[in-house]
Structure formats: structure tokens, C-alpha cells
Amino acid sequence: MPWTRPEPADWSSPDELAAVQRAELPRVLATALRSPFYAARYADGAPPRTAADFADVALTTKQDLRDAYPYGMLAVPRERLATYHESSGTSGEPTASYYTERDWTDLAERFARKWIGISPSDTLLVRTPYALVITGHLAHAAARSCGATVVPGDLRSLATPLSRIVRVLHDLEVTLTWCNPTEAMMLAAAARAAGLRPDRDFPALRAMFVAAEPLTEVRRRRISEIWGGVPVIEEYGSTETGTIAGQCPSGAMHLWADRAIFEVFDPATGDLTRTGRGQLVVTPLWREAMPLLRYNLADEVEVADTPCPCGWALPTVRVFGRAAFAYPVGPATVTQSRLEELVFALPAPCEVVFWRARADRDVLRVEIEVADEHRERAVKELRSSIDRELGVPHQVDVVAPGGIVPTATLRGQRDILKARYLFGPGEDWSGAVMYQ
């Protein structure tokens, strides 16, 4: 069973963290060698058993996990498993992950490491998917371990349209939410569509926990502003690892280096370093069912160990996402995060929440949802900032509110989810058997 570990503020130095990691590595390596994957990898040579051996351990890739599907990474008897999960598959075929009850103790503890904590007096709205991905189950388990009330508002269920979630968010006096940044903005738009003001009509809300998308500081501030100034607290993780980083009171993202070993991989040189820019590699220290040795998440990050104003000795990380979100336009390259910064730097009165862009080779085309009275100002300022900051040929167009996110999506009430077989005269029976 994992020990009762200190909180993030209790660690005094990077050297102390490194000592903890070295002390745990022999146990981590021994656990990993119980899985078919790692046992086969080291069948023809001396397997790694000490902290010194770790330096020679090869990376584990997402393809390794795919090739080991379904139970090639399993290091405990199957009867000890508590849950099975699969990743979303945004970067390719999904990967399998599984956890024991002891693994879940660690998972829940890491998720609950928020500088605005979860308490028995809280009501937490879980507005991420449940299903096979871990995100909804993770928040649910962490909130229950802290004694909080959980509202399971599954993001992917037809039974929980935006309009219904806004109603429970308001009527149940929800104090904490867990969603991705885009959903935080969708909920605000749905609240307005219901005749409510996000900045005034949800006084119980005291924080919004977000993850699953790279989030610029500009968009974080805008979400907070829309919801009346509540803190928007980001975390970072994956289905394969659970939560591996969280935001501190000063706004930096800290890696939970007392729960995992983090390294930065340079694909060009093959080097692995403790800090710098490259792909994040993680070795969880408290993983029973599915140990991972130097697992390459393939996310572009920058890790630093410079002192943070918050006082935490844990390293900081900036997450840039994957290269798939960068495209060449004219003489330069446009990234989603840089463009996001420009869009959400538009003046708040313009109320630009939804946007989209297409990076053609010769021109960047941007559309923003904005009301007629703010159209001229928003277009002028965005064009100016794209010229100044990106220097690429571009075209900025305006669509009326509802043009990118349909109003029907914000107000829809699809709550009937029963299979139907019998229809009356003149009714459309093309959806027979399917859920209606």
C-alpha cells in the first residue's frame, strides 16, 4: 500500500525528490519485470534491478502499449484488477490501461492535489467523459475519497445535454467543476442561452478544474472572467498515467516528481535530461497493475527546476501539445496556442468565445463568433495582432452568434434515451431500435 505522502509544499529541494526516486527505483523495476512485455524485453540480457541500471532502460512507446494489447503490460494476477481503461486515441489507436485498488488510492490522491482543495462540503460536477477513458472516473474517485458530493454529468452522454447541466449547476449550488477549457466556455454560453449570467447567477461556484487541452494563460483569464473571477485550475495527465502535474497558486504547473520520475527526451539526439524542452517521459513510482518504465507521452513540453514564487520545490512544466497543431502559412508557422492567445486577447466587451481557423499554405483564414455591434472592433484588432505577432497572410471573417456553436446545441433537451420499436401513422421509423 502506498505510504501517506507529504503534500507538494512539504518538499524542500530537488535533491530530496531525487533521493526519494532513487530509493523507490529497485521496487519499481522489480514490479515491471513481472509483466510479459518487460520480461520479454530483457529476456536475453541482464534486466535492470538497481537505480544505477535505470540509466540504460529504453523508452516505452505508445506503439509498445498498442502491441501489448490487451494484457501484455499486466504485472499482477487479473483477479486483482479494479478497472480497465483505454485512451481516447487522439494520436492513433487507443492504448489499454488497468489499475488495482491500490493504484486507485494513488490516482485519487494525485487528482485531489489542488491548491483549492476538495472537502466534504463541496459538490463537484464531473463534466468529462466516463466510458473507457479514465478522466471522469478519476475525478469521481478523488471527490468521493475527500467526502464530497459528486454530480456525474458525463460529457458524452445524450442524457446530459448542456441545458440540463446548466440547470443542475445552478440548482444544486455546485461549488467545483471538472471539465476541459472548451466545455467551461460552452457551459457559459449555455447559461446565457438559458437566461442566466455566468458571472452572477452561480455564486456557490468557487473553482473550475480543467485539463485535456493545452491552455494559454490568456484563455485561462478569459474563462475566469466569464465566470465571475473564479480560479481556473489546470492539471495535466493521461489515461495511461493519471494526473502527473497540477497548477500552483502562482499559476505555474508543477510535475508531481514525488510520485513519478520525469525526463525530457530530445528525438533529434536521443538524449534524456531532467530539464529542458522536448517530449515528456514518465516513470510512475506507485503503479502495481501496469508499471511503465520511461514511458514517452510524446507531448512537447518544457521542464524547469528554477524556484517558483509559490515555494514548491517540484519542477515546473509547460505543455505545448503535439506538433499536429502547427501548420506552415506563407513564411511562418502558425500554432493553435499562439493563435488562441491572440483571439482571447480581444477586449472582453467583444464577447468572442468561439472561433475556428484553417491554415492554408498561402493564407490563414479565421472566423470568430461576434455580435454585430462589436464586429468592426473585433475584426480590426484581430487583424492588427495577427499582422504584428504572426506576420502571415490572413483573412478574418465574422459569423453571428450561433454560427460556430449552434444555439440548438446550447438549448437542446435530449433526455429520452429508450429504444423504440412501435410507431404511429405518419411517424418516421428510420430510427427504430436506436435510442430516441
Side-chain angles (χ1 to χ4, degrees), residues 81-88 94 97-99 101 103-114 116-191 194 196 198 202 204-213 223 227 230 232-235 237-239 242-243 246 409-419 435:
L81 289 184
T83 60
Y84 170 91
H85 302 274
E86 290 185 2
S87 64
S88 60
S97 296
Y98 15 89
Y99 298 90
E101 287 292 347
D103 289 334
W104 269 103
T105 298
D106 179 51
L107 288 170
E109 285 178 359
R110 280 187 278 139
F111 182 92
R113 278 184 157 186
K114 306 287 192 292
I116 289 184
I118 306 171
S119 73
S121 62
D122 281 311
T123 299
L124 172 67
L125 169 66
V126 179
R127 185 59 175 170
T128 61
Y130 279 70
L132 284 174
V133 293
I134 198 174
T135 170
H137 305 280
L138 185 59
H140 195 118
R144 291 301 305 122
S145 72
C146 295
T149 301
V150 178
V151 181
D154 187 352
L155 178 60
R156 292 290 179 258
S157 173
L158 293 176
T160 51
L162 283 162
S163 58
R164 188 174 192 178
I165 294 302
V166 166
R167 173 175 60 77
V168 299
L169 184 65
H170 178 270
D171 294 353
L172 302 185
E173 298 182 330
V174 167
T175 58
L176 302 169
T177 62
W178 167 239
C179 61
N180 64 47
T182 295
E183 188 67 10
M185 306 187 91
M186 293 282 284
L187 286 169
L196 299 170
F202 300 85
L205 188 63
R206 65 187 190 91
M208 306 186 86
F209 302 150
V210 299
E213 299 172 5
I223 294 171
W227 285 97
V230 303
V232 176
I233 302 173
E234 187 180 9
E235 75 166 50
S238 69
T239 290
T243 303
T409 299
L410 304 175
R411 293 177 176 167
Q413 293 282 350
R414 187 166 184 176
D415 289 341
I416 301 173
L417 291 171
K418 303 292 184 182
Y435 287 104

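As the structure is a computational prediction, the values presented were derived from the model and not from experiment. This chain uses plain numbering: 1 for the first residue, then up along the sequence.
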Taking all non-hydrogen atoms of both residues, which atom of [X] and which atom of [Y] are closest, and how far apart?
X	Y	answer
Ala112	Ala142	N-CB, 4.3 Å
Trp178	Ala139	CD1-CB, 3.2 Å
Pro161	Gly412	CB-O, 3.4 Å
Pro181	Ala211	CD-O, 3.4 Å
Ala188	Pro198	O-CG, 3.6 Å

Going from [atom1] on [X] to [atom2] on [Y], what distance comes out if it is rounded to the nearest 0.5 angstrom?
X	Y	atom1	atom2	answer
Leu176	Leu125	CG	CG	10.0 Å
Ile118	Phe209	CD1	CZ	5.0 Å
Ile134	Leu107	CD1	CG	5.0 Å
Trp104	His137	CH2	NE2	7.0 Å
Glu183	Ile165	CD	CD1	8.5 Å
Leu169	Arg167	CG	CZ	11.5 Å

Any side-chain to backbone donor/acceptor pair from [X] onto [Y]? Under 3.5 Å, distance only.
X	Y	result
Arg127	Gly153	yes
Thr160	Asp154	yes
His85	Leu132	yes
Arg144	Ala148	yes
Trp227	Ala184	yes
His140	Val151	no
Ser97	Glu86	no

For [X] and [Y], does a side-chain donor sit closer than 3.5 Å to a side-chain acceptor?
X	Y	answer
Tyr99	Glu101	no
Thr128	Thr135	yes
Thr182	Glu213	yes

Is the Tyr98 ring parallel, tilted or perpendicular to the Tyr84 ring (thresholds 30°, 60°)?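 Tyr98 and Tyr84: parallel rings.
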Is there a salt bridge (charged side-chain N to carboxylate O under 4.0 Å, His left out) between Lys114 and Glu235 once you walk through the steps? CA-CA 9 Å; Lys114 306 287 192 292; Glu235 75 166 50; 2.6 Å; yes
Kindly indicate whether the side chain of [X], heavy atoms from C-beta on, has any atom under 4.5 Å from the side chain of [Y].
X	Y	answer
Leu187	Thr177	no
Val210	Ile233	no
Pro129	Arg156	yes
Thr83	Leu81	no
Val168	Val174	no

Is there any ring pair (Phe, Tyr, Trp, His ring centres under 6.0 Å) pair reaching into residues 150-173, and which pairs are they, with sequence neighbours excluded?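 As it turns out, the ring pair (Phe, Tyr, Trp, His ring centres under 6.0 Å) pairs with a partner in residues 150-173, which skip direct neighbours, are His170-Phe202.
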Taking it one step at a time, do Asn180 and Leu155 satisfy side-chain contact (heavy atoms from CB on, under 4.5 Å)? CA-CA 10 Å; Asn180 64 47; Leu155 178 60; 4.0 Å; yes
Applying salt bridge (charged side-chain N to carboxylate O under 4.0 Å, His left out), name anything that partners Arg206, two or more places apart in sequence or on another chain.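 Expected list: Asp122.
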Using side-chain contact (heavy atoms from CB on, under 4.5 Å) as the criterion, list what pairs up with Leu410, not counting sequence neighbours.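 side-chain contact (heavy atoms from CB on, under 4.5 Å) list for Leu410, sorted by chain: Leu162, Ala189, Ala190, Ala193, Val405.
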